[in-house]
Undergrad: 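Quick one: this structure, given as structure tokens, is what I'll be asking you about.
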Protein chains: 2
Amino acid sequence: MEELTERQKVILTLVTHEHINSASPVGSKVLVEKFNIGLSPATVRNEMSFLTDQGYLRQPHTSAGRVPTEKGYRFFVGRLVREREVPLSSRRRISHQFFQMRNEVEQWARLAASILADQSKAASLITAPHPEHALLKHVEFISTVGRQVLMVLVLSGGELRQRIQSLSEPIYQERLSNIGTFLTKRFQGNETWRIKNNLIDMDELELELAGWVVDEMERADSMISGEIFFDGITNVLAEPEFNDTEDARKALRVLEERTMLHDLFAKTIMNGEEGTVQVLIGGEGAWEDLRQYSIVLSKYGAPGIAFGTVGVLGPMRMAYGKTISAVRFMSGLLSDLVSQSLYDDKIIPSSEVDL
Amino acid sequence: MEELTERQKVILTLVTHEHINSASPVGSKVLVEKFNIGLSPATVRNEMSFLTDQGYLRQPHTSAGRVPTEKGYRFFVGRLVREREVPLSSRRRISHQFFQMRNEVEQWARLAASILADQSKAASLITAPHPEHALLKHVEFISTVGRQVLMVLVLSGGELRQRIQSLSEPIYQERLSNIGTFLTKRFQGNETWRIKNNLIDMDELELELAGWVVDEMERADSMISGEIFFDGITNVLAEPEFNDTEDARKALRVLEERTMLHDLFAKTIMNGEEGTVQVLIGGEGAWEDLRQYSIVLSKYGAPGIAFGTVGVLGPMRMAYGKTISAVRFMSGLLSDLVSQSLYDDKIIPSSEVDL
DNA sequence: GTTAGCACTCAAAGGTTGTGAGTGCTAAAA
DNA sequence: TTTTAGCACTCACAACCTTTGAGTGCTAAC
């Protein structure tokens, strides 16, 4: 594979740029007329022909203009230095919106999804912050009916989990509360394994309840990403490439069947670094149903607290510059929120806290 | 408006039935051939003409067959006595799935949505159970960083709410825990207003924290329905009426902008009775964007605990019989779950509980 | 009241043609 | 050697026309 000349790079970039705007194949003439390169259409044609041979461009049919391939897009995105910063006024406005929502943790992801969809004019995907390894912050047992007990677990990162279990015999609420307090005191700030290895000096009931706690925490640990929030799906459907409903359905199926997204997010969280933005073009070969789409993804959060992902899904022909900076901005904002509000790496027993 | 003759009723029903299957206008000839009514096409035509005059049928264009109007559908649904029961095998299978999930309250709605979408081959909408008037079950305050405090509220119906607030000065976790215990003991099982009117004999800090509780409970009370879960949106897009993407977008916008749905659910919860299924055809004039759709809705839950809604959104041309019984079945199932697992109308102080 | 017969309507499907944007190739110009 | 003008060729797309057939309403006979 040969290196591209500077002129070829420029032409490839322009073709991609123009295609993103026009949504239709780009011909040599249009290119010459719109951007005053000092070249004739014929020359441009030769270069385009070369780029087609190299797999950067593609012709939908013999007598049509050129369209970037995945490879072409990838080159384009890699060269995109000059990202369009989110304007200061927008940044201020968005920060303010989050400030007003700062109390409602569950709303963060929803708000972020809504804003990002609006900014990028595409579909946004956000996962709620989720701790890498859950630490127990608090546990409570509440009797509901008969032998049924509602367990409420507060984990690091502010994650709440609840579950209903049946005891073998009814127990007074008072006793349940005491056990909750006892387990909280004893295991506060501990990881799952540490709790699991310290189930000693307990009576039968305490042991059973502690077992529930461990079980639920293991469940939390086994999930790599938190709940997924979407917004702006209609934005994507508005794009001309989805005039065919079949394609639209494919896209939606990806969003509905969350398994693929979970995989994707898991990978991002495990490998990625917060703050850096990655761009997956056309499913990168691996995800068949995403062939026509691109995803701009970033990890957010703070080490030792919790991580999540923020991303945008749109047609491959997407305003990458704007989207990338929007995602980066949102990622930063959410990271700040998480570290400013949810810090609780180790819960120090209250009497030792230095205020 | 005249009463319809029995024969007219039969024809209207058959036309509707046939249109639901074929998705295209129904002519007199097809009708006669398919269902052996002892009539000639000409006679049927006369009756159809009459039904058209009365507004039950409609002709897309002069030389086409007939299609039911909203009024026609309404008649059809009203007459639908013989609902197709969900087969016993499916009922068993579904009950079993819920049994396996009985511990995870948050999963109920998601599972229900998934099953209902599958059963009805349309989009399902479920709201999580939400108490009419929140009763306090438990409150906990957890210090996170600096003056930030995470408040976790457990309300009746198993609803969890969390929020982060700032104190004017940092407080030891121990003191926060004590206040949590104190407020829980004092106000357990109380409605919002009762708590609000009993904020006496407290020091400044206790009062501030109790204020947060009241505030958050008022927020919960002001919401009539819980979180909305969807599934099977792609099912709806597969229907032929959405070959035009524009129409598909309209449908999705309804689902994304939850305000309209919230209104709808609120109405259902406030007016409806659990167990009865209502069918909204073509948005019933009130909801412009739903003109082409129908919604089959039912309230579920148990009085004094919590209510939610379960529904299906599909094209107006929908298999009403199957859908109605699927919705009814699911509504019953969820009602049972709520009352069997979440009963806690009044939390009786533990020492008085009769075990 | 019911039906056969008939003229009429009109959307949808299929066929034909023209248009124009775009190409690749070749030979001349730079 | 690189660039460009010129030209023949291709092919999707839109516009137009025609055919087809399902379906109608009306009238007159049963």
Side-chain angles (χ1 to χ4, degrees), chain A residues 2 4-12 14-16 18-19 21-69 72 240-241 243-244, chain B residues 2-12 14-19 21-69 72 240-241 243-244:
Chain A
E2 307 201 10
L4 298 180
T5 68
E6 191 53 38
R7 194 171 71 181
Q8 285 161 347
K9 290 180 186 172
V10 169
I11 288 177
L12 176 51
L14 287 179
V15 169
T16 311
E18 178 59 16
H19 176 68
N21 283 329
S22 71
S24 45
V26 182
S28 53
K29 207 175 137 205
V30 187
L31 213 60
V32 172
E33 280 169 4
K34 254 200 171 149
F35 315 91
N36 52 347
I37 2 174
L39 292 173
S40 80
T43 311
V44 174
R45 273 209 289 285
N46 284 331
E47 297 291 34
M48 280 164 116
S49 176
F50 177 80
L51 288 167
T52 306
D53 286 345
Q54 296 293 313
Y56 290 100
L57 295 178
R58 188 169 59 81
Q59 277 185 290
H61 52 267
T62 330
S63 78
R66 303 303 213 282
V67 162
T69 61
E241 28 267 272
N243 276 341
D244 179 17
Chain B
E2 305 199 14
E3 192 48 46
L4 297 180
T5 69
E6 192 53 36
R7 194 171 72 183
Q8 285 161 348
K9 289 180 187 172
V10 169
I11 289 178
L12 176 51
L14 287 178
V15 169
T16 311
H17 181 80
E18 178 58 19
H19 176 67
N21 282 328
S22 71
S24 46
V26 181
S28 52
K29 205 174 138 205
V30 187
L31 213 59
V32 172
E33 281 169 5
K34 254 199 173 152
F35 313 90
N36 52 347
I37 3 175
L39 291 173
S40 79
T43 311
V44 174
R45 274 209 288 286
N46 284 332
E47 298 291 35
M48 280 165 114
S49 175
F50 176 80
L51 288 166
T52 306
D53 285 346
Q54 297 293 314
Y56 290 99
L57 295 177
R58 189 171 57 83
Q59 276 183 291
H61 53 267
T62 329
S63 78
R66 303 302 212 283
V67 162
T69 59
E241 27 267 272
N243 276 341
D244 179 17

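Throughout, protein chains are lettered first and strands after them, A, B, ... in sequence-line order, and every chain is numbered starting at 1. Just the heavy atoms: all of them, side chains too, but no hydrogens, waters or symmetry mates, feed the values below. Being a predicted model, the structure only gives us computed values, none of them experimental.
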Undergrad: Go through C:dT23, C:dC10, D:dT4 for me and flag the one nearest to the B:Thr62 side chain.
TA: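 Ranking C:dT23, C:dC10, D:dT4 by closest atom to the B:Thr62 side chain puts C:dC10 first.
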
Undergrad: Side chains of B:Leu51 and B:Leu4: does their closest heavy-atom pair fall under 4.5 Å?
TA: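 Counting from C-beta outward, B:Leu51 and B:Leu4 do come under 4.5 Å.
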
Undergrad: Of the options D:dT24, D:dT4, C:dG22, whose atoms approach the side-chain atoms of B:Met48 most closely?
TA: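 So the nucleotide nearest the side chain must be D:dT24.
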
Undergrad: Measure from CG on A:Asp53 to P on C:dG24 and round the result to the nearest Å.
TA: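 So the CG-P distance, A:Asp53 to C:dG24, works out to 9 Å.
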
Undergrad: Is it the case that the side chain of B:Ser49 and the backbone of B:Arg45 share a donor-acceptor pair, with hydrogens and angles ignored and the cut-off at 3.5 Å?
TA: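 No; judged by distance alone, with no hydrogens or angles, the pair does not exist.
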
Undergrad: Look at the side chain of A:Arg7 and decide which nucleotide, out of D:dG23, D:dT3, C:dT3, has an atom nearest to it.
TA: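 The nucleotide sitting nearest to the side chain is D:dT3.
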
Undergrad: B:Lys29 NZ to D:dG23 P: how many Å, rounded?
TA: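 Value for this atom pair: 7 Å.
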
Undergrad: Looking at A:Arg66, does any N or O in its side chain come under 4.0 Å of the phosphate oxygens OP1/OP2 on C:dG24?
TA: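 Yes, such a contact exists.
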
Undergrad: For A:Ala42 and B:Pro41, find the nucleotide of DNA chain C closest to each by heavy atoms; which residue's nucleotide sits nearer the 5' end?
TA: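 Its nucleotide being nearer the 5' end, the pick is B:Pro41.
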
Undergrad: Specify the separation, in whole Å, of atom CD of B:Glu6 and atom P of C:dG1.
TA: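 Going from CD in B:Glu6 over to P in C:dG1 covers 18 Å.
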
Undergrad: C:dA21, C:dT9, C:dT2: which one has an atom nearest the side-chain heavy atoms of B:Ser63?
TA: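 The closest nucleotide is C:dT9.
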
Undergrad: Base, sugar-phosphate or nothing for B:Thr43? Non-hydrogen atoms, less than 4.0 Å.
TA: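 The answer is base, as B:Thr43 lies within the cut-off (heavy atoms under 4.0 Å) of a base atom.
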
Undergrad: Please report the shortest heavy-atom distance between B:Ser40 and B:Val32, naming the atom on each side.
TA: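 Reported closest heavy-atom pair: C-CG2, 4.1 Å.
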
Undergrad: Counting only side-chain heavy atoms from C-beta out, which of C:dG22, D:dT24, D:dT4 sits nearest to A:Val30?
TA: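 It is C:dG22.
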
Undergrad: Here's a test of your reading of the structure: between B:Arg45 and A:Thr52, which maps to the more 5' nucleotide of DNA chain C?
TA: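 On the 5' side of the pair lies B:Arg45.
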
Undergrad: What's the shortest heavy-atom distance between A:Val67 and A:Pro25, and which atoms?
TA: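 Taking every non-hydrogen atom into account, CG2-CA, 3.8 Å.
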
Undergrad: Expressed in angstrom and rounded to an integer, what is the separation of A:Asn46 atom CG from C:dC25 atom P?
TA: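 Nearest whole value for this atom pair: 9 Å.
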
